[in-house]
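Computed from a predicted structure; not experimentally measured.
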Amino acid sequence: MAILSYSMMLMIAVPCCGKREVQIPATTAANVISSLKNYFLSGCVFLLSTKHQTEMRPSSVKLGRLLSDKRILATEVSLQSFNHTLPEYRCCSNHPLNVILSGDTQAKSSVRRLSDTTSLTGPTWLLLLDNTSSPKEFLGDSNIPFDCEFLVAQQNAGGLVMLTEVYKIATERPLLYHDFGYWLSETTFRFPSTDFYFRRSSLQGLSISTATIENPPITVLERTDGQIKFSGYFGKVWRVLEKRMEFRTNFSFPADGGRGSVMKNGTATGMIRMIQDNQVHVAVDAFGMSGIRATAVDFTVPLLSTRYCVIVKSPDSLKLQWDNFLAPFSVMLWVAMMATVIVIAIHYTLLYYLGQRYGNQEADEIKFYTFSDSLLLVLGIFCQQGHDTTPRSYSCRFVCISMYIIAVMIFGTYSATFISFLTVHENRLPYTDLESLFSKHAQNYISEPSRQFLDKTYGESYQDNVQPSVLDGMHKVCNSKYSFLMSMDTALAFKNKVNCTVVPLPRETSLYIPQGFAIAKRSPYLGLFNYNLNKLRSNGVLYKHRVYDSMRRTFSKENAAWTRVRLEEVAPIIGFLLAGIVASSVVLLLEKVITTNMFLQQQNVFCCIAAVRYVDGGHSFHPKNSQINFLRPVGHNIRVRRAPQHQRLREVV
C-alpha cells in the first residue's frame, strides 16, 4: 500500500456529513499498541479497564488474545486498583506501556486519583477514546508531569487513528496538547523521529526558584541596581540554559551561607535544606555527588570532575632538604658520570704516557700527568674550570675537547633542573596520607567530603566539623592546626583571601568527585536539564566556559616577580664548604705528622758517642768539654765540625 502524506490523512480525518461516534476496534487497538510498544521499546503491556465498559469498547479479553498472537505480554488489571509504583506493576526489562481502555466516568476519576497521589512519570500511558469524547474534558486538571509520556488515541470515520501528546509544564499551568503522529495501518503510520526533550525543549517562561552562593570561580554574583549578574563557570552555564530552555530564575540565598551537607542523622544544611523544605527547586553550585546527598536531592549530569584535597597551613620554616643537590640526576646517572670521569682520566694518562714513550709531541715535556693529575684535570673540566698545561699531542687535545663538550652539556642540564628546585618551594609535610593526617590532627574541617568513603575507609578515626562557608573553614586552618577538605578549584579562588599560605596534601590523599547542579527529588525538569547539558558538552560550550574562567590554576604566587632563595635552602652548600675547610685542615695536620715520622725513620744512623779522643799536643779531653755539631747523615758516614775552641778533630769513636 502506498504511504499517504500527512495532509491527505488530515483530509480523511474530516467527515463529509455530520460527526458520528467512532470506537476503536480491538484489531486496530492491538495494532496501534504493537506499533507504540516497538517505538518506545516497552517491556510489557498492562490493559487497564473499568467495570462498566460498554459493549462498543474493545473487549479486553479479545484485545489480550490479539496481543498474544503478536507475542506481546499483556496483563489485564482493574484501573480502580492499579498503582504503577508498586513492584508487581513493573516490567522486568524497560518501562511498561499502560493502556486505558475506557473513557467513562470511573476511568476519569481513577486517572485523576493516580495523578494526584503519585507521579505518572515512568511508564508510557495510552488512552483510547472515541472521537466524540474530548481529551480536555476527560483529563481536566489532571497533573500530567512535564517528563511524562501520555498519549490520547482517537479514530475518525476514515479509520485514521490520531495520537495527541499531553503534558503540563508546571502544576499550576494548564495542560498542553501537541500532535504526536498518526496510525493508519501496520505499514502506514508516522511517529516522531526527534528526541523526547527536543519536542519539549521550552518551559515557556516558567519561573524556577533557585538557590546559590558566592563561590568563585564556580559562581560569581554581582549586584547592580537591584539586579543580580550571574557569572563564573556554573553561572555562565546557567545563563545559557535559561536561553535554551526559556525559563526565568528567581534567586534565593541560604541563611547560613553554606552550600549544604547532609548529616549522619539525616538533617541537611545550607542549600540542600532549602531544596528539602521546598523553598527552592534548584541549587546552582558545584555539588559533589555523594551517596548521602543523593538521599536528599538529585543531581544533574556532571559539569566537571574536581579534585577534593586536604588543605593545611604551609610550614613557616623550611625543612632542610639535603638531597636537593643530588635530585636533578638519578642515582644511576651519577654513577655513570663518576665512571666516565675515571675512565677518561685513565685514558688521558695512558695517551700522555704513550706520547712521551714513543717520541710524540709530549716527548719534550718534563711534566708527566699521573693518574691523580689526570683525575683532577677531568674533575676541573666537569666543574667548568681550566687547566694550566695544554697537551701538545692531538690525541690528548681531542680528549680534552670531548670532555669540555660533555661537561658543558651536563652542567647546563644540571643547572636548569637545580634552579627549578630552588625556585619552586616544595613543602614536605609530616603526613602524606589520610591515615597519618587523622592521627596527627585533633580535628578536621570538612566542606565537601564523601562521608561514606571516609567512614568506610577510616571508620571513626577522623572527626569532622562541617563549616558554614569555605572562607570560615580556611580561616580556621590559618588560625589553628586544623585541616580542611574542600574543592581544589575553590581553594585556588580563596587562597588570596586568607592571611596565611595554604597548601594541598599530595594527590594520594585526594578524592576525585563529579560535580553538578542539585535539584529536587524526582524533578520533572531533570531530564531536560541533562539533555541540554549533554548538548552543551558535545558542542564544546562547557569546555569553553571552563577554560575562560581560569579553572586551571596553581598555588604559585601570581604577583611575585622574583622568587627569593632562603638561607635554609642553600645551607647544604655552606655546610659542604665548611666541611671541606675542616677536612683540608685535618689533612694538613696528618701530612705534617706523616712527613715528620718519615723523616725520623730515614735517619738510620743513631749517634751514641761514648767518648771522643782528640790528639792535640798529647792531651785528651772528654766530649763534654767540646761542642760538636752534627749535620746530616750521608750513607754511613758522619761529617762533624770541630768546635771553635779546638784546633783539630782527629777521631770520633
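Rounded to the nearest 0.5 angstrom, T164 OG1 and Q154 CD are separated by 6.5 Å. Here the CG atom belonging to N278 is positioned 11.5 Å from the CE atom belonging to M274, to the nearest 0.5 angstrom. Atom OH of residue Y233 and atom CG of residue L304 lie 5.5 Å apart, to the nearest 0.5 angstrom. The CG atom of L101 lies 9.5 Å from the CG atom of L127; values are rounded to the nearest 0.5 Å. Within the model, atoms CG of N38 and NZ of K70 stand 9.5 Å from one another, a figure rounded to the nearest 0.5 Å. The CG atom of L160 sits 11.5 Å away from the CG atom of N131 when rounded to the nearest 0.5 Å.
The two residues Y197 and L528 make their nearest non-hydrogen contact at CE2-N, 3.4 Å. When all heavy atoms are compared, the tightest approach of T50 to A107 is CG2-N, 3.7 Å. Considering every non-hydrogen atom in both M263 and T269, the closest pair reads CE-CG2, 3.8 Å. For the pair Q80 and S49, the tightest heavy-atom approach, listed with the atom from each and the gap, is OE1-O, 4.0 Å. When all heavy atoms of L203 and I169 are compared, the pair lying nearest together is O-CG2, 3.6 Å. The minimum heavy-atom distance linking G516 with M289 is given by the pair N-CE, 3.8 Å.
Disulfide status for C44 with C91: present, SG atoms under 2.5 Å apart.
Applying ring pair (Phe, Tyr, Trp, His ring centres under 6.0 Å) to H281 and the options Y525, F517, F529 leaves one that passes, Y525. With I100 as reference, V111 is the one residue of V111, L47, L129 to meet the side chain to side chain contact (heavy atoms under 4.5 Å, CB included) rule. None of I292, T267, V297 except one satisfies the side chain to side chain contact (heavy atoms under 4.5 Å, CB included) rule with V262; the exception is I292.
Classification of the Y89-F82 ring pair by plane angle, with boundaries at 30° and 60°, yields tilted.
A salt bridge does not link R248 with E242: every distance from a Lys NZ or Arg NE/NH1/NH2 to an Asp or Glu carboxylate oxygen is 4.0 Å or more. In this structure, E165 pairs ionically with R200, as a charged nitrogen and a carboxylate oxygen lie closer than 4.0 Å. Between R273 and D277 a salt bridge is recorded (basic side-chain N to carboxylate O distance below 4.0 Å).
Looking at N250 and S209, their side chains never bring a donor and an acceptor atom within 3.5 Å of each other. Side-chain contact annotation: T212 with D285, donor-acceptor N/O pair under 3.5 Å absent. Under 3.5 Å, the side chains of S133 and D130 contain a donor-acceptor pair of N or O atoms.
Under the 6.0 Å distance and 45° angle rule, R223 counts as a cation-pi partner of F253.
Proximity of a side-chain donor or acceptor of T118 to a complementary backbone N or O of L114 within less than 3.5 Å is detected. When atom types are taken as modelled, the side chain of T219 and the backbone of N215 share a donor-acceptor pair closer than 3.5 angstrom.
Two rings, from F196 and F198, have their centers 6.0 Å or more apart. Ring-centre distance between H178 and Y167: below the 6.0 Å cut-off. Ring pair W238/F251: centre-to-centre distance not below 6.0 Å.
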Derivation and outcome, side-chain hydrogen bond (donor to acceptor under 3.5 Å, both in side chains), residues Q204 and E246
CA-CA 6 Å; Q204 300 183 5; E246 298 180 358; over 6 Å; no
Using the side-chain hydrogen bond (donor to acceptor under 3.5 Å, both in side chains) rule, take D147 and T121 through it: C-alpha gap first, then chi angles, then the decisive distance, then the call.
CA-CA 6 Å; D147 57 344; T121 301; 2.7 Å; yes
